[in-house]
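Presented below is the structure to which this report refers.
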Amino acid sequence: MQYVKHLPTYMVQRYLGWKATTYTENKAWYRRLADEGQRPRAMIISCCDSRVHVTSIFGADQGEFFIHRNIANLVPPFTQDGDHHGTSAAVEYAVSALKVAHVVVLGHSNCGGIKGCHDMCAGLAPELEEKSSFVGRWMNIMRPGYDRISSLPEADRTRALEKEAVLVSLENLMSFPFVQSAVEDGSLTLHGLWNDIGDGSLHQYDTATKSFIAI
Ligand SMILES: [Zn+2]
């Protein structure tokens, strides 16, 4: 493990600052979180993009949100093929073990994953079509979504696909039997959001109008 190095100084300093202030001032609460285990109210599925900042947007405290991040905030369809399914494992644990009351899929503007997906589906990114591309294979989840927006003017397609990614993920969530039964018995609600990074707006999917409406 010669390749594993110590943290860069800026990270060490930030950690020590947190430990001396936030942690020290709330030590009893952290101890209680450790002793009693986590009981998050909601699971949030967001993109890995560093500009999507779930805990800033919602001002979340430790223990409040069960957060899963992946490229383009996607949930794959329910498949039991014995393979490695990180996102499905996170959904299973949040819904079946932690019994969260809400699952929120949070999409965002200027998403590089969605741009890549658009280019791949439009035939402009042959490198993403390769079997060796993890990003390309992951983005295959969005092919049905691309088909639904491909007739739009080119300038509108990427943004439409970002929102479509939220809807495809919500549809795929419902393909998990334990999600479907929790939704049907009223113990779980699903939510679709899209965040505009530049203007800070947050839009939520409205079933009645079948569109994303600013909060
Ligand atoms: Zn993204």
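Ligands are counted one by one from 1 in listed order, and the atoms in each one are counted from 1 as well.
- Annotation: ring pair (Phe, Tyr, Trp, His ring centres under 6.0 Å) contacts involving residues 133-158, sequence neighbours excluded, comprise H118-Y146.
- Between M11 and R14, every side-chain heavy-atom pair lies at or beyond the 4.5 Å cut-off.
- Applying the 6.0 Å contact sphere to CZ of R148 captures more than 12 heavy atoms from other residues, nucleotides or ligands.
- Here the options are F58, F212, W194, the test is side-chain contact (heavy atoms from CB on, under 4.5 Å), and the partner is L202; only F58 passes.
- Panel detail: the Zn ion (ligand 1) has protein N, O or S atoms under 2.8 Å away, 3 in number.
- Relative ring orientation between H102 and H191 is described as tilted, the plane-to-plane angle lying within the 30° to 60° band.
- The one candidate from T87, D83, D81 that meets the side chain to side chain donor-acceptor pair (under 3.5 Å) condition with H85 is D81.
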